[in-house]
Amino acid sequence: MHDLSFFRGNLEAIAARLATRGFELNLEEFRSLDAERRAALAETEGLKALRNAESVEIGKLRKQGVDTSARQQKVREAGERITLLDQKAAELEERFRLLLASVPNLPHESVPAGRSERDNVEIHRWGEPRQFDFEPKAHWDLGPEMKILDLERAAKIAGARFAVYWGGGARLERALINFMLDVHTREHGYTEVLPPFLVNSASLYGTGQLPKFAQDLFKLEGTDFWLTPTAEVPVTNLFRDETLDGDRLPIKLCAYTPCFRSEAGSYGRDVRGIIRQHQFQKVELVKFTRADQSYDELEKLTGDAEDILKRLGLPFRRVVLCTADTGFSSAKTYDIEVWLPGQNAYREISSCSNFEAFQARRAGIRTKSGKGKAEFAHTLNGSGLAVGRTWVAVVENFQQADGSVLAPEALRPYLGAERITPQGEYR
RNA sequence: GGAGAGAUGGCCGAGCGGUUGAAGGCGCACGCUUGGAAAGCGUGUAUAGGGGAAACUCUAUCGAGGGUUCGAAUCCCUCUCUCUCCGCCA
């Protein structure tokens, strides 16, 4: 959500900037709706002022025993007009709010202009993809062969785009979660939170999933509960409608949650394996900062996510998303892509974004330093990391000729073993 | 699931259908006082939107949404949340 007066005052410049991300702002619609809305407001508010003044008058006169029924009749009629005008004003207000809420964030000046994901710019690489002396397998072959990943039974008990992990596979998922949380809390200074996995509409509105992206979410029938699509939603909304002490920022939180996505419209994409699932596990990093801190903190947050991959010895690269590929609420996003030898490609494993005040404005998250006036905080988040995709990366990168997976050193205490071996039969 | 109580400003807390945007207190800010501090005294202290160059002014907001009324924090209805007791349960 943009600041209304800033938006109104810089319409042309904003429209031009939004065009770089492929969003066409209808200036005429905005201007006329805004004018209509203000006219309606002025009219109804004028009448209300009249009614308020009259009511006070009537009160005084009645105390003196004066008959006021004529004046009351007059105010009653004004009241009826107010009801009508209020309705009209509320409709205009709602249309205007929806229009404003559907406008994406402005990309930061450092974001490269581009038309599609092909225009994303690589920032750096880390690690060398391993040279195999055998043909590395994709996890969708290796997992079922090792009997640590079971997609058929997952389809039976839930459906497509779900997974069942067995034995060492389940243990690997759990080890990764604990490893990530421990590194972020002990080494990177984040505070762990465990939020609800169901959230209400207000929270989804606060982080920008609603009203535009309802079709990407799962909703529980007959309730206002939605399955959380990312911990970003519950964790960012922790401080909804609160004012944070500016001297104590940044606040750095990390959270493990499962994430649920309908994946409507992604039919046919990544249908093999567990790259794209209706449910996946994720450890999320969330920061609340002052405006002057947020870009430094974005670099640090992205570095914290990359550190997990370094500790696991998984090669990766960082790209900055171009204007067209940057998400709706984000001003700047880095994607971290991990090397997957089974697919001979780098694949997204983390997405780290600075939303500036875009979410905070919707969610009412303010900050105040000393005597200063309260202003909107900046919010950031990033995957630290997507656990399922890290599982894939570990299995594919560290697979051995004998059909086992040699665990990265850092993970062994969590795994309680130095390698993951085939399960034999499912039991 | 059943029965009851409650929700008012940053916090505590008053509130008769009529200058109550809201007493009083605490906190906070500024000033006076002081060698300095404490105490004391004084002044100020919400958010959003509209109008205005500004001073300022209008509108809305007492959990949320409706209703009654000339007028609602106060009356009525619905919902949400919190607390207490009973039942059930990991």
Side-chain angles (χ1 to χ4, degrees), chain A residues 1-9 11 30-101 194-206 210 219-226 234 237-249 258 357-377:
Chain A
M1 176 80 76
H2 293 280
D3 178 68
L4 180 54
S5 55
F6 172 77
F7 201 80
R8 193 147 52 203
L11 257 192
F30 179 88
R31 286 206 182 95
S32 64
L33 195 54
D34 190 30
E36 262 188 89
R37 162 186 159 271
R38 282 201 273 180
L41 223 52
E43 196 179 358
T44 185
E45 284 185 1
L47 270 176
K48 279 181 189 170
L50 197 80
R51 177 175 66 181
N52 288 344
E54 273 297 297
S55 293
V56 170
E57 231 5 71
I58 290 170
K60 281 182 189 161
L61 290 173
R62 285 184 56 135
K63 265 194 184 138
Q64 295 164 20
V66 180
D67 173 42
T68 56
S69 48
R71 291 180 91 144
Q72 288 183 25
Q73 177 59 27
K74 209 181 92 190
V75 178
R76 188 179 303 127
E77 280 160 17
E80 281 158 16
R81 283 212 55 207
I82 288 172
T83 308
L84 238 69
L85 286 169
D86 257 352
Q87 214 165 23
K88 185 179 152 201
E91 262 166 45
L92 285 167
E93 193 75 47
E94 178 61 12
R95 270 173 60 198
F96 187 74
R97 202 185 60 81
L98 239 69
L99 180 68
L100 202 63
L194 179 61
F197 302 160
L198 302 185
V199 294
N200 57 30
S201 303
S203 296
L204 287 159
Y205 183 81
L210 291 180
K219 187 175 191 190
L220 296 196
E221 212 174 334
T223 71
D224 187 40
F225 293 132
W226 306 68
N237 278 282
L238 241 25
F239 294 125
R240 170 149 49 91
D241 297 322
E242 291 192 32
T243 301
L244 306 169
D245 182 352
D247 298 331
R248 297 182 60 182
L249 297 181
F358 191 83
Q359 290 182 328
R361 220 173 273 122
R362 291 174 160 238
I365 305 167
R366 291 162 219 274
T367 170
K368 190 176 166 175
S369 307
K371 301 174 197 171
K373 202 169 149 49
E375 56 179 35
F376 289 109

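Residue numbers start from 1 in every chain, and the chains themselves are labelled A, B, ... in the order their sequence lines are given, proteins ahead of strands.
If you measure from atom CZ of A/Arg240 to atom C1' of B/rA64, you get 13 Å, rounded to the nearest angstrom. The distance between atom CG of A/Leu92 and atom P of B/rU59, rounded to the nearest whole Å, is 21 Å. Distance CG (A/Leu100) to P (B/rA48): 16 Å, rounded to an integer number of Å. With rounding to whole Å, A/Ile82 atom CD1 is found 15 Å from B/rU69 atom P. Distance A/Asp241 CG to B/rA46 C1': 14 Å, rounded to the nearest Å. Rounded to whole Å, the distance from NZ on A/Lys48 to C1' on B/rU61 is 11 Å. Per the geometry, CD belonging to A/Glu242 stands 17 Å off P belonging to B/rU47, to the nearest Å. The nearest whole Å value for the distance from the CD atom in A/Glu45 to the P atom in B/rG49 is 12 Å.
Donor-acceptor pairing under 3.5 Å is lacking for the side chains of A/Glu91 and A/Gln87. Between the side chains of A/Gln359 and A/Arg362, not a single donor N or O lies within less than 3.5 Å of an accepting N or O.
Using a 4.0 Å heavy-atom criterion, one finds that A/Arg76 contacts the sugar-phosphate atoms exclusively. Within the 4.0 angstrom heavy-atom criterion, base atoms lie near A/Ile58. Counting any heavy atom pair closer than 4.0 Å across all strands shown, A/Arg37 reaches sugar-phosphate atoms only and no base atom.
The pairing partner recorded for B/rA37 is none, the criterion being a Watson-Crick or G-U wobble arrangement whose two distances lie under 3.5 angstrom. Both distances falling under 3.5 Å, in either a Watson-Crick or a G-U wobble arrangement, place B/rA48 opposite B/rU59. The partner of B/rA29 is B/rU43, judged by Watson-Crick or G-U wobble contacts that both fall below 3.5 Å. Across the strands present, B/rU19 finds no partner; the criterion is a Watson-Crick or G-U wobble pair with both atom distances under 3.5 angstrom. Pair assignment for B/rA54 gives none, since no Watson-Crick or G-U wobble pairing has each distance under 3.5 Å. Under the Watson-Crick or G-U wobble criterion, with both distances below 3.5 Å, B/rC83 is paired with B/rG4. As the counterpart of B/rU69, no nucleotide is assigned, since no Watson-Crick or G-U wobble pattern has both distances under 3.5 Å. In this structure B/rU74 sits in no base pair that meets the Watson-Crick or G-U test at under 3.5 Å.
A/Arg97 CZ to A/Glu94 CD: the interatomic distance, rounded to the nearest 0.5 Å, is 4.5 Å. To the nearest 0.5 Å, atoms CG (A/Leu210) and CH2 (A/Trp226) are separated by 5.0 Å.
Contact annotation: the side chain of A/Glu93 approaches that of A/Leu41 to within less than 4.5 Å [non-hydrogen atoms, C-beta and beyond].
Comparing the C1' positions of B/rC81 and B/rG65 gives an interatomic distance of 15 Å, to the nearest angstrom. Comparing the C1' positions of B/rC26 and B/rC83 gives an interatomic distance of 24 Å, to the nearest angstrom. Separating the C1' atom of B/rG15 from that of B/rA23 is a span of 8 Å, rounded to the nearest Å. Spacing between B/rU74 and B/rC58 at atom P, rounded to whole Å, works out to 23 Å.
Between A/Arg361 and B/rA48 there is no side-chain N or O to OP1 or OP2 distance below 4.0 Å. Contact between the side-chain N/O atoms of A/Arg38 and the OP1/OP2 oxygens of B/rG51 is found at a separation under 4.0 Å. Applying the 4.0 Å criterion to OP1 and OP2 of B/rC58, one finds that A/Asn52 has every side-chain N and O outside that range. Contact annotation: A/Arg366 side-chain N/O to B/rA48 OP1/OP2 distance is under 4.0 Å.
Aromatic ring pairs are classed by plane angle as parallel below 30°, tilted from 30° to 60° and perpendicular above 60°; the pair A/His2 and A/Phe358 is perpendicular.
Of the candidates B/rG50, B/rG18, B/rU47, the closest approach to any side-chain atom of A/Arg62 belongs to B/rG18.
Counted within 6.0 Å of CZ on A/Phe96, heavy atoms from surrounding residues, nucleotides or ligands total more than 12; the atom is thus considered enclosed.
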